[in-house]
> 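Questions regarding the structure given below will be posed in turn.
Starting from 1, each residue takes its place in the sequence as its number. Note that these values count all heavy atoms, side chains included, but never hydrogens, waters or copies made by symmetry.
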Amino acid sequence: MKISVTSKRVLKLMGNRFEFTVISDSKEIGEKAIDMAIQEVRRIEDLLSTYKETSQTSLINRYAGIQPVKVDVEVVELIKRSIKISSITQGAFDITYGSIDKRLWNFDTSMTALPDPKTALKSVCLIDYNNIIINAQNSTVMLRHRGMRIGFGGIGKGYAADRANQILQTIGIKSGIVNAAGDLVTWGTQIDGKSWTIGIADPNQCDHLFSSLNISNMAIATSGNYEKYITINGKKYSHTIDPKTGLPVTGIKSVSIICPSAELADALATPIMVMGIQVGLNMINQLQQVACIIIDDADKLYTSKNINVKH
């Protein structure tokens, strides 16, 4: 009988905690496979990170309002998919959020009042995915106005997790998990043949589970206000900013999306916090192979039509 072994590695990539788990025939095969997956995530980070001046994203931002920038087809395709999600979520997801003035939002103890609505609105005036000009034939991208900035913070980790998964499966890894700071993709089964079980954190106590799900060959991403938030006059405000108002969203503690792609799960989790429970669930119920779990500020659990949660 063939013996399978589990290899695991945790490290910081794209500014976040990544964890790779693979099941293979030997420790050596597993470690080598993880090396290749890490290499792929680093390649994507070099391509997309706004913290790297040499990245194609930084180049697009530098020439905003000036001229189109030639980028890899992969970047054009990711931007096209981002625009599609913006359109599905009516702008609640928007990669041009990069122009938000960080000085307006420092989610730390020094923040004791919300900015006034006029200032907040002014800070989001450059956010509009309709102002991304793509020339697919020439593989160029241009942002229409000076000062516009794109960022892949809401989709990049999921994309990287999917790409790492593809690399691992291509080289013959039949089972595993890539966890990109909570945006994770699973395939195959555990050594004992059981499905992978994924826990959803309790927003009030992150080390406790709120519920668990059996998911294999699926991805899940969670967006929540429990890791980064401020409390002003007893009310909790999430670090998620509504791109239309420039003000933080309230009402939802966490959103988890389950679907076949980590990229899509990543990109849909945050906008639902912006859209609100009913509008968000209505949208998810219209999408195929996408399920959603929402926990509101009063700890009430809401789910889309096609999901069973063990609670």
> Given side-chain contact (heavy atoms from CB on, under 4.5 Å), test N285 with V290 step by step and report yes or no.
CA-CA 8 Å; N285 285 332; V290 181; over 6 Å; no
> What's the separation between atom CD in E74 and atom CD1 in I44, rounded to the nearest 0.5 Å?
6.0 Å
> Side-chain contact test, heavy atoms from C-beta onward, threshold under 4.5 Å: evaluate it for P243 versus Y97 and give yes or no.
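Not in contact.
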> Measure across T186 and S216 and return the closest heavy-atom pair with its distance rounded to 0.1 Å.
OG1-CA, 3.4 Å
> Taking a hydrophobic cluster as the set of Ile, Leu, Val, Met, Phe, Trp and Tyr residues connected by side-chain heavy atoms closer than 4.5 Å, whether directly or through intermediates, do M142 and Y63 fall within one such cluster?
no
> Mind checking side chain to side chain contact (heavy atoms under 4.5 Å, CB included) for P260 and listing every partner two or more places apart, or none if nothing turns up?
M218, Q289
> State, with a plain yes or no, whether a side-chain heavy atom of V185 is found less than 4.5 Å away from one of N217.
no
> Hey, does I258 have a side-chain heavy atom less than 4.5 Å from the side chain of I215?
yes
> May I ask you to decide if I95's main-chain N or O and S82's side chain share a donor-acceptor pair within less than 3.5 Å?
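Between the backbone of I95 and the side chain of S82 there is no qualifying donor-acceptor contact (under 3.5 Å).
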> Does K32, at its NZ atom, have more than 12 non-hydrogen atoms belonging to other residues, nucleotides or ligands within less than 6.0 Å?
no
> What residues form a side chain to side chain donor-acceptor pair (under 3.5 Å) with S304, not counting sequence neighbours?
N306
> What are the two closest non-hydrogen atoms of E263 and R81, and how far apart are they?
OE2-NE, 2.7 Å
> Can you name the residues that form a side chain to side chain donor-acceptor pair (under 3.5 Å) with D296, not counting sequence neighbours?
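Testing D296 for side chain to side chain donor-acceptor pair (under 3.5 Å), a comparison that skips the adjacent residues, returns Y302.
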> Please walk me through it: do M14 and V41 pass side-chain contact (heavy atoms from CB on, under 4.5 Å)?
CA-CA 8 Å; M14 301 178 87; V41 175; 3.9 Å; yes
> Is any side-chain heavy atom of V141 closer than 4.5 Å to a side-chain heavy atom of V69?
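No, every pair of side-chain atoms sits at 4.5 Å or beyond.
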> Listed by chain and number, what are the salt bridge (charged side-chain N to carboxylate O under 4.0 Å, His left out) partners of D72, not counting sequence neighbours?
none
> Would a 4.5 Å heavy-atom cut-off, applied to side chains only, mark V71 and L47 as touching?
no
> For the pair D35 (side chain) and A33 (backbone), establish whether a donor and an acceptor sit closer than 3.5 Å, ignoring hydrogens and angles.
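No; zero donor-acceptor contacts below 3.5 Å.
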> At what distance, to the nearest 0.5 angstrom, does CG of L48 lie from CZ of R43?
8.5 Å
> Could you list the residues that satisfy salt bridge (charged side-chain N to carboxylate O under 4.0 Å, His left out) with E31, not counting sequence neighbours?
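E31: salt bridge (charged side-chain N to carboxylate O under 4.0 Å, His left out) contacts with R9.
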> Distance from D94 atom CG to I241 atom CD1, nearest 0.5 Å?
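It is 14.0 Å, given to the nearest 0.5 Å.
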> Can you check whether N282's main-chain N or O pairs, donor with acceptor, with Q286's side chain at less than 3.5 Å?
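A pair under 3.5 Å: yes.
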> For the backbone of I293 and the side chain of T303, can you confirm whether one donor and one acceptor N or O come within less than 3.5 Å of each other?
no
> Check side chain to side chain contact (heavy atoms under 4.5 Å, CB included) between T89 and all other residues, then give those that pass, not counting sequence neighbours.
I85, A92, F93, L268, P271, M275, M283
> Would L281 and I294 count as a side-chain contact (heavy atoms from CB on, under 4.5 Å) here? Give the steps.
CA-CA 9 Å; L281 286 176; I294 299 172; 3.9 Å; yes
> Go through the structure and list residues passing side chain to side chain donor-acceptor pair (under 3.5 Å) with S7, not counting sequence neighbours.
none
> Among residues at least two apart in sequence or on other chains, which ones pass side chain to side chain donor-acceptor pair (under 3.5 Å) with N135?
none
> Evaluate the side-chain proximity of I79 to F152: yes if any heavy-atom separation is below 4.5 Å, no if none is.
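Of all side-chain heavy-atom pairs linking I79 with F152, at least one is under 4.5 Å.
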> Applying the 4.5 Å side-chain criterion to the ILVMFWY set and letting contacts propagate, would M36 and I34 be lumped into a single cluster?
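In one cluster with M36: I34, yes.
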> Please list, chain by chain and in numerical order, all residues satisfying salt bridge (charged side-chain N to carboxylate O under 4.0 Å, His left out) with K80, sequence neighbours excluded.
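Testing K80 for salt bridge (charged side-chain N to carboxylate O under 4.0 Å, His left out), a comparison that skips the adjacent residues, returns E77.
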> Can you give me the closest heavy-atom contact between S4 and I191, atom names plus distance?
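That would be O-CD1, 3.6 Å.
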> Identify the two heavy atoms, one from G91 and one from Y129, that lie closest to each other, and give their separation to 0.1 Å.
CA-CE2, 3.9 Å
> Distance check, rounded to the nearest 0.5 Å: D266 atom CG versus I220 atom CD1?
12.0 Å
> Is there side-chain contact between I150 and N61, with at least one heavy-atom pair below 4.5 Å?
yes
> For D183 versus G158, what's the shortest heavy-atom pair and its separation?
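Scanning both residues, the minimum pair turns out to be OD2-N, 4.1 Å.
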> Sorted by first residue and then second, give each side-chain hydrogen bond (donor to acceptor under 3.5 Å, both in side chains) pair with at least one member in residues 161-172; sequence neighbours left out.
E40-R163, D162-S261, R163-Q166, N165-Q169
> Can a donor-acceptor pair be found, under 3.5 Å and without considering hydrogens, that links the side chain of R17 to the backbone of N179?
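No, the answer is negative, given that no donor and acceptor are paired below the 3.5 Å cut-off.
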> Can I38 be reached from I167 by stepping across I, L, V, M, F, W or Y side chains whose heavy atoms are under 4.5 Å apart?
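Yes; I38 is reachable from I167 via cluster members.
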> Just by modelled atom types, is the T189 backbone N or O under 3.5 Å from a matching donor or acceptor in the S175 side chain?
yes
> Please list all pairs meeting side-chain hydrogen bond (donor to acceptor under 3.5 Å, both in side chains) that have one or both residues in residues 140-153, counting only residues at least two apart or in different chains.
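Listed by first then second residue: N131-R144.
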> K8: what forms a salt bridge (charged side-chain N to carboxylate O under 4.0 Å, His left out) with it, not counting sequence neighbours?
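If we apply the salt bridge (charged side-chain N to carboxylate O under 4.0 Å, His left out) test to K8, skipping adjacent residues, the hits are E19.
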> Which distance, rounded to the nearest 0.5 Å, do you find between the CG of L247 and the CG of D242?
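One finds 7.5 Å between CG of L247 and CG of D242.
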> Honestly curious: do I66 and I134 fall in one hydrophobic cluster under the side-chain, below-4.5 Å linking rule?
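In one cluster with I66: I134, yes.
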> I'd like to know if the side chain of Q190 and the backbone of S195 have a donor-acceptor N/O pair within less than 3.5 Å.
yes
> Between W187 and I173 (side chain of the first, backbone of the second, donor and acceptor by atom type, cut-off under 3.5 Å), is there such a pair?
yes
> If you define the side chain from C-beta out and look only at heavy atoms, does anything of I284 sit under 4.5 Å from I257?
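When only atoms from C-beta onward are counted, I257 and I284 do touch, with a gap below 4.5 Å.
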> State, to 0.1 Å, how close T96 and L126 come at their nearest heavy-atom pair, and which atoms those are.
OG1-O, 4.2 Å
> Take atom CD of Q288 as the centre, draw a 6.0 Å sphere, and report whether it contains more than 12 heavy atoms from other residues, nucleotides or ligands.
no
> Treating Ile, Leu, Val, Met, Phe, Trp and Tyr as nodes and any side-chain heavy-atom pair under 4.5 angstrom as an edge, say whether V178 and V5 lie in one connected cluster.
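Each belongs to a different hydrophobic cluster.
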> Taking K174 for its side chain and S24 for its backbone only, find out whether a donor-acceptor pair lies under 3.5 Å.
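No: the side chain of K174 does not pair with the backbone of S24.
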> Taking K52's backbone N and O only, do any of them form a donor-acceptor pair with S55's side chain (distance below 3.5 Å, no angle check)?
yes
> Salt bridge check, K253 against D297: does any charged N sit closer than 4.0 Å to a carboxylate O?
no
> How long is the gap from CG on N16 to CG on L11, to the nearest 0.5 Å?
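With rounding to 0.5 Å, CG (N16) is 11.0 Å from CG (L11).
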